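Report on the following structure.
Predicted, not measured: the structure shown is a model, and the values here were computed from it.
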Amino acid sequence: MFFNKTAEQKEAAKKMKEIVKSNKAIIKKFEDEKKRKNVPASEYQTAMKNPDNILEIDNLHTYFYTDMGVVRSVNGVNIEIPQGKTVALVGESGCGKSVTSMSVMKLIMGPSGQITNGAIRYNRASGPIDIVKTPISEMQHIRGNEISMIFQEPMTSLNPVFRIGAQIEEAIMLHRPDVPKSDLKAQTIKMLELVGIARAEGVYASFPHELSGGMRQRVMIAMSLCCNPKMIIADEPTTALDVTIQAQVLELLRDLKDKIDASILLITHDLGVVAEMADYVVVMYAGRVAEQGTAHEVFLNPKHPYTIGLIKSKPVVNQLVERLYSIPGAVPNPVNLPNHCYFKDRCDKCIAACNGAIPELKTLEGGHKVACHLYTQGGH
């Protein structure tokens, strides 16, 4: 039996074909750029705006080109990470936190996912570079060596068919050729002991499935630290762990950061973790930065209605409430983002200016920044 397509279905099919054709042309341009060989170092060398920063994310745009349209996962993000400090990136699921971290590592899944604009300046010992322009061959020397990542779910990050010791040793061999093969086992066990694993010899010979969630997370931290990185990206490192193990992992990260003088980009939606760990806080919403400042400023004097809502929705110990607060509404569709403030339809403090242009980050007292028309000139 055959069915005739309606005019609407024909129009939708035509529109999808146009999107696919447009996406192919855009993706080809980015993929051809990635395939270039023998890229001269002068093309990706840069200068830091502030030499005290280890990383500067400047106007970053990371898009995914799908058959339904362009998903603007990261849409103009600016973040600075000072040397030796912890910066927490917070927000609801789907706001672009993990895509931001994957962009820093150049691990965006292609060909649909592409960094389309912006700069990621990394203060390398040999001189600052722009990661966006850095070829993959050079990034392989940086990933896991100078910038390490602790992924959200260790069971899917560890290879199930190799023993723990072999996986950590592989990371050391790749990035530290100066370590003799005869010393690899001793170095690996030392790293396992450093992250608080008591029976390191037994864990060294174990497979990932033989360990608990907390132990696997410790193994991931040991693997990320085995090359003494300058920066650690921790993507919700305590999400799958129970409360007592969470506290131990956070304490471990704090201690290790001080021991190796590393910086941490901590990605989480747990405000309790942020209050305990972070020096600076960046609040993201729908792919953009809504507010940023020191942890003290953001928690004690939040400015953006979204930040206020996030803090209000966190349960308070010894406080009896009939119903936990939740921010009304939902995050806008990233394919069809509005041309006004993205939070407008969920905000209870809207003013006339909210119907206008998307608010840019405005610097308030003490370096506290907020993207809200309530604080722009003439907004009140």
- [ ] Assess whether salt bridge (charged side-chain N to carboxylate O under 4.0 Å, His left out) is satisfied between D261 and K230, documenting all intermediate values.
- [x] CA-CA 7 Å; D261 191 30; K230 293 176 67 178; over 6 Å; no
TODO: Show your reasoning for whether salt bridge (charged side-chain N to carboxylate O under 4.0 Å, His left out) applies to D255 and K259.
DONE: CA-CA 6 Å; D255 291 346; K259 283 181 183 176; over 6 Å; no
TODO: Report the C-alpha separation of K133 and E33 in whole Å, then their side-chain angles, then the decisive distance to 0.1 Å, and conclude whether the salt bridge (charged side-chain N to carboxylate O under 4.0 Å, His left out) test is met.
DONE: CA-CA 9 Å; K133 297 177 181 176; E33 183 66 24; over 6 Å; no
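A 4.5 Å side-chain heavy-atom check between I150 and Q217 finds at least one atom pair inside the cut-off. In this structure, the side chains of S93 and V331 stay at 4.5 Å or more apart for every pair of heavy atoms. In this structure, V289 and N78 have side chains that are not in contact, with every pair of non-hydrogen atoms separated by 4.5 Å or more. Within the 4.5 Å cutoff, the side chain of R72 has heavy atoms near those of the V70 side chain. Within the 4.5 Å cutoff, the side chain of S103 has heavy atoms near those of the L60 side chain. In this structure, L271 and F299 have side chains that are in contact, with non-hydrogen atoms separated by less than 4.5 Å.
In terms of heavy atoms, T6 sits closest to Q9 at N-OE1, 3.0 Å. Nearest approach of F30 to T116, heavy atoms of both residues: CZ-CA, 3.7 Å. Closest heavy-atom contact between L337 and P332: CD2-CG, 4.1 Å.
A salt bridge is defined here as a Lys NZ or Arg NE, NH1 or NH2 lying under 4.0 Å from an Asp or Glu carboxylate O, and E138 with R124 meets this definition. A salt bridge links R254 with E276; the closest basic N to acidic carboxylate O contact falls under 4.0 Å. Between E31 and K34 a salt bridge is recorded (basic side-chain N to carboxylate O distance below 4.0 Å). Under a 4.0 Å N-O distance rule, the pair E360/R288 qualifies as a salt bridge.
Around NZ of K314, the count of heavy atoms belonging to other residues, nucleotides or ligands within 6.0 Å exceeds 12. Heavy-atom neighbours of N38 CG from other residues, nucleotides or ligands within 6.0 Å: at or below the threshold of 12. Few gaps surround CD on Q83; more than 12 heavy atoms of other groups in view lie less than 6.0 Å from it. The neighbour count for E8 CD, taken as heavy atoms of other residues, nucleotides or ligands under 6.0 Å away, does not exceed 12. Heavy atoms from other residues, nucleotides or ligands lying under 6.0 Å from CE of M173 number more than 12. Residue-environment remark: NE2 (H61) exceeds the threshold of 12 foreign heavy atoms within 6.0 Å.
Rounding to the nearest 0.5 angstrom, the gap separating the OG atom in S263 from the CD1 atom in I233 is 11.0 Å. For the atom pair CD1 (I267) and CG (D235), the distance works out to 4.5 Å, reported to the nearest 0.5 Å. Note that the CG atom of N355 and the NE2 atom of H373 stand 9.0 Å from one another [nearest 0.5 Å].
Sorted by first then second residue, the ring-ring contact (aromatic ring centres under 6.0 Å, His included) pairs that include residues 144-203, not counting sequence neighbours, number zero. Legend: ring-ring contact (aromatic ring centres under 6.0 Å, His included) pairs involving residues 264-290, not counting sequence neighbours, sorted by first then second residue: Y285-Y306, Y285-F343.
A donor-acceptor pair shorter than 3.5 Å can be found between the side chains of E291 and H368. Side-chain contact of E236 with T268: a donor-acceptor pair under 3.5 Å is absent, judged by distance alone. Judged by distance alone, the side chains of N75 and Y342 do bring a donor and an acceptor atom under 3.5 Å apart. If you check the side chains of S313 and S326, you find no donor sitting under 3.5 Å from an acceptor.
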Can you give the donor-acceptor pairs under 3.5 Å from side chains of residues 185-200 to other protein atoms, not counting sequence neighbours?
{"unit_1": "T188", "atom_1": "OG1", "unit_2": "L184", "atom_2": "O", "d": "2.9"}

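A cation-pi contact links K312 to Y325, judged by a cut-off of 6.0 Å to the six-membered ring centre and 45° from its axis.
Just one of D58, V282, L55 meets the side-chain contact (heavy atoms from CB on, under 4.5 Å) condition when paired with I79; it is V282.
In terms of modelled atom types and a separation under 3.5 Å, the side chain of S101 and the main chain of S98 share a donor-acceptor contact. Within the 3.5 Å criterion, the main-chain N or O of S224 finds a donor-acceptor partner in the side chain of S148.
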